[in-house]
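So the structure is just underneath, and the comments pick up after that.
The shown structure was predicted, so the numbers you read here are calculated from the model rather than taken from an experiment.
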Amino acid sequence: MQNSLGPEQLRQRWVEARPDLNTSSMYVVSPLKRAQALLAIALEPVYETSELTPSEMDVLVHLRYLEEPIIARRLAQWLGVSRAAISKMLSKLESRGLIERRANPADQRSALVTISQDGVAATDQLFPRHLNREAQALSGLGPNREQVINALELLVQALEQGVSHV
């Protein structure tokens with residue numbers, strides 16, 4: 001008995017079982033999900049002794065060099081997470097003193113978010129290790145690096161257009 005199917009085998013099974021479905025997206029989404037999972041595995045050693053999660057680091061990295069405070073909704077858009085997810089992350093980061101939130105004078109329903117000095121220190125300490133691990137994990141791209149970057153940028157553009165039409 002087979003425990004797992006490769007991406008093409010899995011897609012083929014769906015095609016056979018449900019020919020009415022358009023499975024063409026699986027050619028893009030399956031390797032994308034696999035790459036995301038492998039990147040998470042590669043970064044595990046960086047975060048195993050840290051109080052921060054990779055998602056929280058994404059927030060701090062984004063905030064690190066902003067010249068002005070940002071509202072949570074805009075941060076969620078940039079990071080591609082829901083408002084609920086960003087709210088939860090910001091609450092955790094604020095409770096640990098890594099970010100600061102204050103009332104937005106232009107809109108009382110939103111808060112302005114900035115990184116704290118402790119957040120800067122945590123980011124400056126951990127993010128170089130994160131970047132080093134990513135570079136190690138991606139070193140096998142070699143001369144195909146530019147091609148991969150261009151393809152990913154094209155993918156992001158297509159997804160942005162697709163999401164805006166939903």
Side-chain angles (χ1 to χ4, degrees), residues 7 10-11 21-48 50-96 98-102 104 106-107 109-116 118-120 122-141 144-166:
L10 181 61
R11 194 188 78 75
L21 295 179
N22 177 358
T23 60
S24 64
S25 64
M26 292 176 78
Y27 284 113
V28 175
V29 175
S30 292
L32 186 61
K33 286 183 177 184
R34 180 80 175 129
Q36 184 179 16
L38 290 168
L39 182 58
I41 291 167
L43 290 172
E44 280 177 1
V46 173
Y47 291 94
E48 67 189 0
S50 173
E51 291 184 18
L52 291 168
T53 67
S55 296
E56 291 170 339
M57 179 54 64
D58 287 345
V59 172
L60 294 175
V61 164
H62 192 82
L63 294 173
R64 175 63 174 93
Y65 290 106
L66 286 182
E67 294 180 11
E68 296 179 0
I70 189 171
I71 59 172
R73 184 182 69 228
R74 177 88 52 222
L75 193 54
Q77 289 170 338
W78 270 100
L79 296 172
V81 299
S82 70
R83 290 183 190 181
I86 197 69
S87 179
K88 187 175 181 178
M89 275 191 276
L90 292 176
S91 292
K92 287 181 179 182
L93 290 168
E94 184 178 33
S95 72
R96 296 195 323 254
L98 300 175
I99 63 145
E100 297 166 355
R101 288 193 277 191
R102 68 181 199 287
N104 183 353
D107 181 357
R109 297 169 298 166
S110 66
L112 297 173
V113 180
T114 56
I115 192 169
S116 69
D118 286 346
V120 168
T123 304
D124 289 354
Q125 188 272 326
L126 189 60
F127 193 55
R129 289 179 45 218
H130 176 114
L131 285 174
N132 186 40
R133 191 69 183 117
E134 284 180 340
Q136 288 172 353
L138 297 171
S139 65
L141 288 176
N144 296 317
R145 181 181 175 82
E146 280 302 313
Q147 184 180 354
V148 171
I149 292 168
N150 291 336
L152 288 170
E153 288 174 354
L154 180 62
L155 177 62
V156 168
Q157 289 172 4
L159 287 169
E160 285 175 342
Q161 289 174 350
V163 169
S164 69
H165 291 94
V166 174

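Here the CG atom belonging to L38 is positioned 11.0 Å from the CG atom belonging to L43, to the nearest 0.5 angstrom. Residue L93 holds its CG atom at 7.0 Å from CG of L52, rounded to the nearest 0.5 Å. The distance from the OG atom of S116 to the CD1 atom of I99 is 8.0 Å, given to the nearest 0.5 Å.
The nearest pair of heavy atoms linking S50 to L126 is OG-CD2, 3.4 Å. Heavy-atom minimum distance, P31 versus M26: CD-O, 3.7 Å.
Applying the salt bridge (charged side-chain N to carboxylate O under 4.0 Å, His left out) rule to R11 yields the partners E8; only residues at least two apart in sequence or on another chain are considered. For F127, the ring pair (Phe, Tyr, Trp, His ring centres under 6.0 Å) partners are H130, not counting sequence neighbours. When the side chain to side chain contact (heavy atoms under 4.5 Å, CB included) test is applied to P69, the partners found at least two apart in sequence or on another chain are R102, L112, T114. When the salt bridge (charged side-chain N to carboxylate O under 4.0 Å, His left out) test is applied to R109, the partners found at least two apart in sequence or on another chain are D107. Residues satisfying the side chain to side chain donor-acceptor pair (under 3.5 Å) criterion with S24, sequence neighbours excluded, are N22. With sequence neighbours left out, D118 forms a side chain to side chain donor-acceptor pair (under 3.5 Å) with no residue at all. For Q136, the side chain to side chain contact (heavy atoms under 4.5 Å, CB included) partners are N132, R133, not counting sequence neighbours. For E153, the side chain to side chain contact (heavy atoms under 4.5 Å, CB included) partners two or more places apart in sequence, or in a different chain, are I149, N150. V148 is linked by a side chain to side chain contact (heavy atoms under 4.5 Å, CB included) to L141, L152, counting only residues two or more places apart in sequence or in another chain. Residues passing the salt bridge (charged side-chain N to carboxylate O under 4.0 Å, His left out) test with R34: none are found, sequence neighbours excluded.
Within the structure, salt bridge (charged side-chain N to carboxylate O under 4.0 Å, His left out) pairs that include any residue of residues 58-73 comprise R64-D124 (at least two apart or interchain).
Crowding of E51 atom CD: a count of heavy atoms from other residues, nucleotides or ligands under 6.0 Å not exceeding 12.
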Return a table of donor-acceptor pairs under 3.5 angstrom between the side chains of residues 80-91 and protein atoms on other chains or two or more places apart.
from, atom 1, to, atom 2, distance (Å)
S82, OG, A85, N, 3.0
S91, OG, S87, O, 3.1
S91, OG, R101, NH2, 3.1

Go through H62 and I70 one step at a time and tell me if the side-chain contact (heavy atoms from CB on, under 4.5 Å) criterion holds.
CA-CA 10 Å; H62 192 82; I70 189 171; 4.1 Å; yes
One pair to check against side-chain contact (heavy atoms from CB on, under 4.5 Å): V113 and L66. What are the steps and the verdict?
CA-CA 10 Å; V113 180; L66 286 182; over 6 Å; no
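Looking only at distances, no side-chain donor or acceptor of Q147 sits under 3.5 Å from a matching main-chain atom of N144.
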